[in-house]
Amino acid sequence: MAATMFYDRDVSLDSIQDKLIAIIGYGSQAHAHAQNLRDSGLNVVVGLREGSASKAKAEQAGLKVVSIEEATQTADVVMLLIPDENQPKTYAESIEPHLTAGKALAFGHGFNVHFGRIKPPADVDVYLVAPKGPGHMLRRVYADGAGMPGIFAVQQDATGKAREIALAYARGIGCTRAGVLETTFKEETETDLFGEQSVLCGGVTHLIQAGFETLVEAGYQPEIAYFETLHEVKLIVDLIYEKGFEGMRHSISNTAEFGDYVTGPRIITDETKATMKDVLTDIQTGKFAERFIADAESGFPYMNEQRSKMRDHKLETVGKELRDMMPFISKKALEV
Ligand SMILES: NC(=O)C1=CN([C@@H]2O[C@H](COP(=O)(O)OP(=O)(O)OC[C@H]3O[C@@H](n4cnc5c(N)ncnc54)[C@H](OP(=O)(O)O)[C@@H]3O)[C@@H](O)[C@H]2O)C=CC1
Ligand SMILES: CC(=O)[C@](C)(O)C(=O)O
Ligand SMILES: [Mg+2]
Ligand SMILES: [Mg+2]
């Protein structure tokens, strides 16, 4: 049976129209939620830690900024959008003491609730609305009049209105323009981690890097390798996004399509898929979450090493030079 999809016509903003929504944080997701909700006519306040570097940016965008404690005290809905690894401490210190009965605690990702790192009191609603894309794109598509698909889940329904509120929230950030469907905290957490690791982020970056390195190590010009293995990915993916595999294959040459069928399975092998299954198991058992939290608690030694290794890679240095020569590629600094 096909999933039930919710669109603008199916969802009313009424359940949150007169409520105050606190967005905690002003990073990738938070700035997009705050601005989209505000532009949907809803009441928003941003909660930031003392001395926050983001305060000026949020105020510049016309948003009211208060402390995280005050935001939780005054709001009816508290959406926690700071990095997953930092959420439990901020929740315990600044949110939980002010989270009175009947309020709603919301998340953009189920990580902390699913892995038992945040245990909300029984008398509040707990839901998630997870847009399926990066925060900066959530804002960009909304401002363009479009939307980003999203999924929502209710973990606790203390007021009897949690589901209605979650859906209204999804509409407020623009997700019902594109389609929203219901999930659970478990399903959202596991599929989101799997998707970003295996396909969207880990899969794509390492596929591109291996292709680029293969060409450069064989003596081809890095600029050609960049166009071939990175820049053109967007053009091909745009076609897949708009028209599926068949539509993309209609646009490419027969030569390319034949090579796709012959070589694709040599690159992404049965072994690759077996590894994907292992990756999924590590996510399901909490092994990945443990490794992530352990690195975070030591100040991210592993993550920082990876970041600095890649910074000086030819793919990144040649890429920056080439992008600087293409004025049509957005030169805007990311707003947050
Ligand atoms: N990035 C994305 O596109 C997506 C993220 N999500 C989820 O959304 C949530 C937020 O992720 P993301 O937007 O990437 O987060 P960011 O890393 O962009 O969050 C940065 C914000 O968090 C604040 N912050 C960081 N640490 C603390 C702290 N210890 N106490 C108080 N505030 C803090 C920062 O405050 P300051 O300004 O003071 O530095 C800043 O405003 C996560 O649950 C994530 O999984 C879900 C879908 C996509
Ligand atoms: C952007 C998004 O959906 C991710 C990849 O899941 C994330 O940033 O965590
Ligand atoms: Mg995601
Ligand atoms: Mg994610």
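Position 1 is the first residue of the sequence, and the numbers go up from there. Start at 1 and go down the list; that is how both ligands and their atoms are numbered.
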Sub-4.0 Å atoms of ligand 1 with respect to non-hydrogen atoms of Gly135: 2 (C), 3 (O)
Structural part of His136 in contact with ligand 1, heavy atom criterion under 4.0 angstrom: neither
Under 3.5 Å side-chain donor-acceptor pair for Glu187 and Thr183: yes
Test applied, side chain to side chain contact (heavy atoms under 4.5 Å, CB included); reference residue, Ile23; option that passes from Val45, Val65, Leu81: Leu81
Whether Pro83 lies under 4.0 Å from ligand 1, heavy atom: yes
Min heavy-atom dist Leu200 to ligand 2 below 4.0 Å: no
N/O/S from Asp192 sitting under 2.8 Å away from the Mg ion (ligand 3): yes
CG (Asp144) with more than 12 external heavy atoms under 6.0 Å: yes
Atom 26 (N) of ligand 1: nearest protein contact (heavy atom, Å): Asn86 ND2, 2.9 Å
Within 6.0 angstrom of Asn254 CG, more than 12 heavy atoms from elsewhere: no
Minimum-distance protein heavy atom relative to atom 21 (C) of ligand 1: Gly27 N, 3.7 Å
Part of Thr90 within contact of ligand 1 (heavy atoms, under 4.0 Å): side chain
Ligand 1 atoms in contact with Ser28 (distance to a heavy atom under 4.0 Å): 1 (N), 2 (C), 3 (O), 13 (O), 18 (O)
Flag if over 12 foreign heavy atoms under 6.0 Å of CZ, Arg140: no
Donor-acceptor side-chain pairing of Gln209 and Glu213 below 3.5 angstrom: yes
Exceeds 12 heavy-atom contacts within 6.0 angstrom, atom CD of Gln17: yes
Gly133, Ala58, Pro88, Ser54: member with heavy atom nearest to atom 37 (O) of ligand 1: Ser54
Ligand-side contact atoms (ligand 1) for residue partner Gly25, heavy atom cut-off under 4.0 Å: 41 (O)
Within 45° cone and under 6.0 Å: Arg117 NZ/CZ vs Tyr91 ring: no
4.0 Å protein heavy-atom contact status of atom 8 (O) of ligand 2, strictly under: no
Aromatic ring pairing Tyr169/His33, orientation class (parallel under 30°, perpendicular over 60°, tilted between): tilted
ILVMFWY cluster, Phe328 and Leu230 together (side-chain gap under 4.5 Å): yes
Heavy atom of the protein closest to atom 4 (C) of ligand 2 (residue, atom name, distance): Glu196 OE1, 3.2 Å
Geometric class of the Phe292/Phe288 ring pair [parallel <30°, tilted 30-60°, perpendicular >60°]: parallel
Atom 47 (C) of ligand 1 [closest protein heavy-atom partner, distance rounded to 0.1 Å]: Gln29 NE2, 3.6 Å
Connected via hydrophobic side-chain network under 4.5 Å: Val124 and Met79: no
Ile82, portion touching ligand 1 at heavy-atom distance under 4.0 Å: both
Salt bridge (charged side-chain N to carboxylate O under 4.0 Å, His left out) between Asp295 and Arg291, worked out: CA-CA 6 Å; Asp295 199 51; Arg291 186 173 172 191; over 6 Å; no
Any N or O of Leu80 closer than 3.5 Å to N or O of ligand 1: no
Minimum-distance protein heavy atom relative to atom 43 (O) of ligand 1: Asp84 OD1, 2.5 Å
Option whose closest heavy atom lies nearest to atom 29 (N) of ligand 1, chosen from Lys89, Glu85, Arg49: Arg49
Proximity winner for atom 3 (O) of ligand 2, if only heavy atoms of Gly133, Ser28, Ala130 are counted: Gly133
Backbone or side-chain N or O of His109 under 3.5 Å from ligand 1 N or O: no
Lys132, any N or O under 3.5 Å of ligand 2 N or O: no
For atom 41 (O) of ligand 1, the protein heavy atom that lies nearest, with its residue and separation: Tyr26 N, 2.7 Å
Contact atoms of ligand 1, heavy-atom distance to Gly108 under 4.0 Å: 46 (C)
Protein contact of atom 38 (O) of ligand 1 - nearest heavy atom, named by residue and atom, plus distance: Ser52 OG, 2.7 Å
Whether over 12 other heavy atoms sit under 6.0 Å from Asp278 CG: yes
